[in-house]
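Let me begin by presenting the structure, written as structure tokens, before commenting on it.
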Amino acid sequence: MYQPFDDIAKTPIEYLKGVGPSRGDLLRTELGITNFGKLLFHFPFRYVDRSRFYTIAEVPSALGEIQIKGVLTRIEEVKGKNRKRLVGRFTDGRQSIELVWFRSVAAIKSILKPGTEYVIFGKPQSYQGNWSIVHPEMEAVEDTKAHEQSSMQPVYHSTEKLVQKGLNGRAIGRLVQSLLPKFKGTIPENLPADIIEQYRFISREQAIFNLHFPKDDVMIRRARFRIAFEEFFFVQLGMVRQKQINKTKIRGHRVESVGEWFNRFYKDHLPFELTNAQKRVVKEIRRDMGSGAQMNRLLQGDVGSGKTMVALLSMLLALDNGLQSCLMAPTEILARQHYLGLQEFLEPMGLEIALLTGSTPKKERVSLFEKLENGSLPFIVGTHALLEDKVKFQNLGLAVIDEQHRFGVAQRSKLWAKNQVPPHVLVMTATPIPRTLAMSLYGDLDVSVIDELPPGRKPIETKHYFESKRLAVNGFLKQQIAEGRQVYIVYPLIEESAKQDYMDLMSGFESIQRTFPEPEYMVSVVHGRLPADEKEREMRAFAEGRTNIMVATTVIEVGVNVPNASVMVIESAERFGLSQLHQLRGRVGRGASQSYCLLMTGYKLGEEARTRMETMVRTNDGFEISEVDLRLRGPGEMTGTRQSGVVQFRVADLVKDAKLLVEARAAAIRLLEKDEALTQHEQVRIFFLREYGKKQAWGRIS
Ligand code: ADP
Ligand code: MG
């Protein structure tokens with residue numbers, strides 16, 4: 001369908017008045033603004049109230065850019081060490097402030113006239129107690145009367161390079177100002193009329209125009225509301241649609257019968273009663289796997305909630321139906337742990353399970369590949385190595401993916417390609433994701449939640465200590481060890497400072513050895529630089545209770561299971577993110593005894609770090625923690641998807657607009673229920689395919 005909007009939007013940016021080839025190139029490389037359409041959606045990141053005038057007396061308390069009305073009393077060139085600058089005096093009748101220009105000195109001097117009344121605009125800064133404004137914008141009061149000053153003025157992002165080319169945020173604003181008339185009357189509506197009516201949305205064009213040049217702050221709100229809604233709406237439309245397609249169009253292995261293996265295990269080998277939450281989730285998985293469509297399920301459950309058992313039962317279900325299963329973990333250590341843990345259950349039943357990682361010897365690999373391909377091996381646990389092309393299954397029925405957020409969507413889609421009929425996919429995460437984030441990241445998945453810990457667990461007591469309490473903490477550790485408990489002491493490992501962190505760990509290790517000398521105390525150490533077999537040895541020594549203390553970097557962050565360990569000491573806890581802290585804490589509290597998490601930090605804590613410590617001390621609830629985490633870090637950081645564009649919105653904010661997201665999803669569901677293929681909503685469909693169509697290719701597996 002022809003739309004004049006498209007022609008205008010596609011016009012290369014250099015054709016805009018005031019741009020030209022060289023600025024055009026810069027706009028392209030610096031801000032990705034290649035054409036008129038891109039500039040149209042380059043929204044201001046905030047607004048300044050130009051109806052408000054400051055007095056110079058208020059300058060020290062002002063934040064950001066302000067405007068002042070007054071008279072330029074004097075202006076002169078001053079010779080500095082290597083270049084001239086222009087210095088002016090500006091007074092509001094009571095006090096005065098200095099104005100400074102470093103660039104275009106001669107030109108500016110020739111324009112400005114002392115004795116004239118101006119409105120100046122800029123950000124005051126203080127140097128050795130004197131306030132000044134560098135490169136203020138100046139407009140003669142006389143001239144301001146010529147145009148209406150709308151109260152809210154947009155502030156646009158620019159970059160250093162653009163500023164050098166004369167394109168600061170204000171100049172970009174002027175470009176937008178000359179752009180908008182070209183689009184007037186052409187911007188097509190993209191939401192169905194009933195939704196517009198229901199939410200009393202302003203038109204799309206009105207919203208876009210008002211985001212740039214709002215009539216007032218009410219209009220800013222209405223414009224944001226509308227654009228944020230549609231951003232959510234179209235992403236959800238894709239996800240809900242994908243979910244429909246998964247359910248109805250993508251055939252899956254029909255895993256119908258609960259057979260011998262599942263029942264035998266349940267009756268004779270299950271060492272405990274499943275929690276109600278586990279039972280419910282197993283039921284959900286059985287229903288999915290038996291439906292004839294492919295399962296795409298996200299299993300969320302706090303650390304220690306017993307997700308592995310759910311995975312195992314699902315794998316047995318697959319086996320009962322003649323299908324193979326794989327479990328994929330993000331690290332070698334975790335894969336090994338899962339392998340050993342599952343083997344413990346499977347071996348007594350005479351079932352074989354194998355491990356495949358980067359360090360699996362070649363000979364073993366070859367025989368593994370063979371068994372997978374001829375179907376004689378029912379279960380395999382592994383790392384990314386499972387994704388290699390050489391790994392072929394005879395009949396892969398279930399792929400369990402642990403700690404999903406470390407696997408890229410593209411990687412998961414490789415598993416998909418391993419079969420004619422796609423395997424059922426169960427994604428397990430111990431990092432609870434706030435509902436809104438889950439919705440926007442995994443809106444095409446079904447979600448199960450294990451919201452109940454196995455019985456008999458006492459809530460972990462968390463305390464925050466400064467370095468000065470070190471002696472008391474050591475005393476406490478000795479007391480716990482005397483009672484037969486074991487202790488983790490964890491040091492941070494952040495990639496960029498790996499060497500320093502390694503040294504910190506080793507010097508910490510030495511001081512721990514002095515405080516806890518052999519043979520009374522035995523200390524293990526595990527870090528990324530140890531060869532795999534030594535790591536393994538140290539872990540095993542700790543797991544089997546032969547050592548009292550495990551000193552480690554975050555390699556133990558996920559998965560490791562030592563029920564007798566009752567204390568988790570986290571060194572330099574301020575350097576860890578909330579979800580990491582929560583994961584680490586989850587390593588203790590797995591046995592019957594009271595467990596503790598001790599957060600050690602320096603005295604100087606930023607506000608955010610303090611919030612993290614307080615949150616940890618206050619609650620054990622992973623979902624509550626994830627909400628705080630989302631607020632502190634924002635969605636991109638939290639999911640590691642900042643680059644991938646999955647959760648990038650121009651206006652919408654997953655934290656602030658959480659309610660709107662829920663609304664948008666509901667609206668998308670309602671629309672697709674009425675009109676599955678959007679045949680009666682031509683505009684919606686066209687817009688969707690154009691703007692979001694390509695990304696949906698990934699939707700199949702995630
Ligand atoms: P997650 O992977 O969810 O962090 P795990 O599956 O590792 O948790 O389980 C944590 C521990 O709890 C394991 O030792 C496991 O055997 C045990 N466990 C799991 N389910 C139950 C249950 N229903 N009752 C008692 N213990 C359980
Ligand atoms: Mg686990």
Side-chain angles (χ1 to χ4, degrees), residues 3-6 8-9 11 13 16-18 27 31-33 35-52 64-65 67 121 137 144 146-158 168-235 648-657 659-661 663-664 667 683-684 687 691:
Q3 293 180 333
F5 171 82
D6 292 329
I8 304 168
T11 314
I13 193 65
L16 186 65
K17 195 162 158 273
L27 282 169
L31 296 175
I33 298 175
N35 56 32
F36 286 12
K38 287 273 162 50
L39 182 59
L40 184 67
F41 286 96
H42 183 68
F43 292 126
F45 66 99
R46 66 186 177 89
Y47 304 88
V48 288
D49 187 350
R50 296 293 295 251
S51 63
R52 160 97 153 93
E65 292 167 310
Q67 62 178 355
F121 178 80
E137 276 172 44
T144 64
H147 58 87
E148 198 186 332
Q149 283 278 35
S150 119
S151 59
M152 302 308 275
Q153 297 266 315
V155 183
Y156 291 87
H157 271 300
S158 183
N168 60 12
R170 296 282 294 163
I172 290 175
R174 280 191 293 273
L175 293 182
V176 175
Q177 206 157 21
S178 74
L179 178 77
L180 291 190
K182 300 184 195 303
F183 280 108
K184 200 158 174 56
T186 73
I187 298 178
E189 193 46 72
N190 60 5
L191 292 177
D194 55 340
I195 289 183
I196 293 178
E197 200 171 314
Q198 183 187 352
Y199 293 95
R200 296 173 200 280
F201 284 137
I202 53 177
S203 75
R204 186 151 198 264
E205 179 159 312
Q206 248 186 321
I208 291 170
F209 279 34
N210 269 283
L211 277 179
H212 287 294
F213 297 102
K215 216 172 92 224
D216 48 37
D217 48 358
V218 174
M219 282 311 275
I220 295 179
R221 265 207 313 281
R222 296 195 67 185
R224 277 205 71 241
F225 179 59
R226 145 103 218 202
I227 300 294
F229 179 92
E230 70 174 53
E231 286 188 306
F232 284 147
F233 177 79
F234 281 98
V235 169
Q648 271 175 4
F649 298 108
R650 290 195 182 92
V651 172
D653 180 322
L654 279 171
V655 180
K656 293 188 197 121
D657 302 321
K659 275 205 196 112
L660 196 58
L661 171 58
E663 292 276 344
Q683 288 280 42
V684 177
F687 183 83
E691 301 288 320

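The first residue in the sequence is number 1, and the count goes up from there.
- For the pair L211/Y47, a side-chain contact is recorded, criterion being any heavy-atom separation below 4.5 Å from C-beta on.
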Legend entry - Test ring pair (Phe, Tyr, Trp, His ring centres under 6.0 Å) applied to F43 and F45, step by step: CA-CA 6 Å; F43 292 126; F45 66 99; over 10 Å; no
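- For the pair E137/Q67, no side-chain contact is recorded, criterion being any heavy-atom separation below 4.5 Å from C-beta on.
- Using a 4.5 Å heavy-atom threshold, the side chains of Q206 and R222 count as separate.
- Checked for salt-bridge contact, R226 and E230 meet the test: a charged N lies under 4.0 Å from a carboxylate O.
- With contacts defined as side-chain heavy-atom distances shorter than 4.5 Å, the pair R204/N190 qualifies.
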Inset, instruction - Please test F649 against D657 for side-chain contact (heavy atoms from CB on, under 4.5 Å), starting from the C-alpha separation and ending with a verdict. - result: CA-CA 11 Å; F649 298 108; D657 302 321; over 6 Å; no
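- A distance-only check finds a donor-acceptor pair linking the side chain of D216 to the backbone of M219 [under 3.5 Å].
- Under a cut-off of 6.0 angstrom, the local environment of CZ in R200 is sparse, with at most 12 non-hydrogen atoms contributed by other residues, nucleotides or ligands.
- Atom-to-atom distance recorded for E663:CD and Q198:CD is 7.5 Å, nearest 0.5 angstrom.
- Considering CG of L175 and CG of L180, their distance stands at 11.0 Å, rounded to 0.5 Å.
- Looking only at distances, no side-chain donor or acceptor of Y156 sits under 3.5 Å from a matching main-chain atom of N168.
- K182 NZ to F36 CZ: the interatomic distance, rounded to the nearest 0.5 Å, is 5.5 Å.
- Under a 3.5 Å cut-off, the side chain of Q683 and the backbone N or O of L191 do not form any donor-acceptor pair.
- A donor-acceptor pair under 3.5 Å is formed between the side chain of H212 and the backbone N or O of L40.
- Side-chain contact between F183 and I208: absent, with no pair of heavy atoms (C-beta onward) separated by less than 4.5 Å.
- F213 contributes atom CZ, which lies 7.5 Å from atom CD of Q153 (distance to the nearest 0.5 angstrom).
- Note that CG of L660 and CD of E231 are 10.0 Å apart. Values are rounded to the nearest 0.5 Å.
- Judged purely by atom type and a 3.5 angstrom limit, E205 uses its side chain to pair as donor or acceptor with the backbone of I187.
- Put simply, CG on L27 and CD1 on I13 are 6.0 Å apart, with the number rounded to the nearest 0.5 Å.
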